[in-house]
Engineer: 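Below you will find the structure I want to go over with you.
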Amino acid sequence: MGRWISTRAVRRAFNRQRHLALAFTAADWPPHPRFVGGADLAFEPGAGQRAGSPGSRAVAVAVVWDRQQRRCVEIAAARRRVRFPYVPGLLSFREAPILLAAIRRLQTPVDVWIFDGHGISHPRGCGLATHLGMLLNQPSVGAAKSRLCGVCATPPSRRGACAPLRYQGRLVGFAVRTEAGQPPLYVSPGFRCTPRQAAKLVLACALRHRLPEPTRLADWSCAQLRGVGAGSVTVDTLQRLVRPDPSRHSFTGREREVVSRHGG
DNA sequence: GCGACAG
DNA sequence: ATCTTGTCGC
Ligand SMILES: [Mg+2]
């Protein structure tokens, strides 16, 4: 199993997180965020190697969701080699570089981000959403499917129900029931955001599914790109599926992007 | 010292 | 996250 990092690397990562956590602030959340960015990735099996193993690759997808039009207005993707193992509490060191590669390819300005993981509801107050928000210097929210640390009650089964998530006595987020009868999401501020603002946004973006649209579309999209050779499935293909054109008469101007190491 | 432990 | 066929239930 994977321990491809030294204890010093782990110690450096811990220190990096503790340092970043000092820079957290809940201020500067936009009043009415319209364009919400989301990103996710899928690990691909390599030549004789299992998906997610050292040297294998992952494909990341970043999308921009327009809350006003209720649709995805842009999608981008990128492939990168996996260079860090999965270690609970160090997820950002594994995923952030890959997610960033896809995010950098977006041209639409994003107001706030939602990421698939925790924000400050983290042992050192610096989960994936916090780390990425700080690297991007933009407001961000973490929407995790399960709890990493802290304690909270089970929210009522109705959609919209919430239960405070506390870690060491501090409010670090909410367990939010985004879909009736389904397990709650663990929502926390990533950067420039309060727990309440984070929960409100995620609930508002979770239209008919458990996951908010930005990360749900990114999750679905990277699964489509997983394992396909560069050229067979293009971003253009995904745009048509995940980004239905209301007018059906216009072109975006960049519809030939291929998801390779450099290509887009 | 013993469990818990995002994706 | 990924490995994987059929199967149980609305
Ligand atoms: Mg994910």
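Per chain, numbering begins at 1; letters A, B, ... match sequence-line order.
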Engineer: For residues A:Y167 and A:H122, establish whether the separation of their ring centroids is below 6.0 Å.
Structural biologist: no
Engineer: What does A:A42 touch in the nucleic acid at a heavy-atom separation under 4.0 angstrom: a base, only the sugar-phosphate, or nothing?
Structural biologist: sugar-phosphate
Engineer: Would you indicate what A:I98 reaches in the nucleic acid, counting non-hydrogen atoms under 4.0 angstrom: base, sugar-phosphate, or nothing?
Structural biologist: nothing
Engineer: Look at the rings of A:Y186 and A:H118 and say which category their plane angle falls in: under 30° parallel, 30 to 60° tilted, over 60° perpendicular.
Structural biologist: tilted
Engineer: For nucleotides 3-10 of chain C, just jot down a letter per nucleotide in 5' to 3' order: B, S or -, based on protein non-hydrogen atoms under 4.0 Å.
Structural biologist: S-------
Engineer: To the nearest Å, give me how far apart CG (A:L91) and P (B:dC5) are.
Structural biologist: 15 Å
Engineer: In whole Å, what is the span from the CD atom of A:Q49 to the P atom of C:dT2?
Structural biologist: 16 Å
Engineer: Mind checking what makes side chain to side chain donor-acceptor pair (under 3.5 Å) contact with A:N15, not counting sequence neighbours?
Structural biologist: A:R18
Engineer: Between atom CH2 in A:W220 and atom C1' in C:dA1, what is the gap in whole Å?
Structural biologist: 19 Å
Engineer: Reading 5' to 3' and counting Watson-Crick or G-U wobble pairs with both distances under 3.5 Å, write the dot-bracket notation for DNA chain C, | for bases paired outside the strand.
Structural biologist: ..........
Engineer: Among all residues two or more places apart in sequence or in another chain, which pass the salt bridge (charged side-chain N to carboxylate O under 4.0 Å, His left out) test with A:E44?
Structural biologist: A:R79
Engineer: Who passes side chain to side chain contact (heavy atoms under 4.5 Å, CB included) against A:S6, sequence neighbours left out?
Structural biologist: A:R8, A:A9
Engineer: Considering only distance and modelled atom types, tabulate donor-acceptor pairs under 3.5 Å from the side chains of residues 147-157 of chain A, sequence neighbours left out.
Structural biologist:
| from | atom 1 | to | atom 2 | distance (Å) |
| --- | --- | --- | --- | --- |
| A:R147 | NH1 | A:G150 | O | 2.9 |

Engineer: Run the side chain to side chain donor-acceptor pair (under 3.5 Å) check on A:S221 and A:Q224 step by step: do they pass?
Structural biologist: CA-CA 5 Å; A:S221 298; A:Q224 303 309 304; over 6 Å; no
Engineer: Only counting residues at least two apart or in another chain, list the ones meeting side chain to side chain contact (heavy atoms under 4.5 Å, CB included) with A:P139.
Structural biologist: A:W29, A:P30, A:V112, A:R192
Engineer: Suppose we screen for ring pair (Phe, Tyr, Trp, His ring centres under 6.0 Å). Which residues come up paired with A:F115, at least two apart in sequence or across chains?
Structural biologist: A:W113
Engineer: Tell me the interatomic distance from A:Y86, atom OH, to C:dA1, atom P, rounded to whole angstroms.
Structural biologist: 11 Å
Engineer: Can you measure A:H131 atom NE2 to B:dG7 atom P for me and round it to whole angstrom units?
Structural biologist: 18 Å
Engineer: Under 4.0 Å from any atom of DNA chain B, heavy atoms only: list the residues of residues 137-164 of chain A that qualify, in numerical order.
Structural biologist: A:A144, A:K145, A:S146, A:R147, A:L148
Engineer: What residue pairs, at least two apart or across chains, pass salt bridge (Lys or Arg N to Asp or Glu O under 4.0 Å) with a residue in residues 116-128 of chain A?
Structural biologist: A:D116-A:K145
Engineer: Quick one: closest heavy-atom pair of A:R83 and A:W4, and the distance?
Structural biologist: C-CZ3, 3.4 Å
Engineer: If I take atom CZ in residue A:R210 and atom P in nucleotide B:dA6, what distance separates them, rounded to the nearest angstrom?
Structural biologist: 13 Å
Engineer: Using Watson-Crick and G-U wobble pairs whose two distances are both under 3.5 Å, how do you write the pairing of DNA chain B as dot-bracket, with | for links to another strand?
Structural biologist: .......
Engineer: Over all strands shown, is A:G52 touching base, sugar-phosphate only, or nothing at heavy-atom distances under 4.0 angstrom?
Structural biologist: nothing
Engineer: Tell me which residues in residues 176-198 of chain A lie within less than 4.0 Å of DNA chain B, going by non-hydrogen atoms.
Structural biologist: none
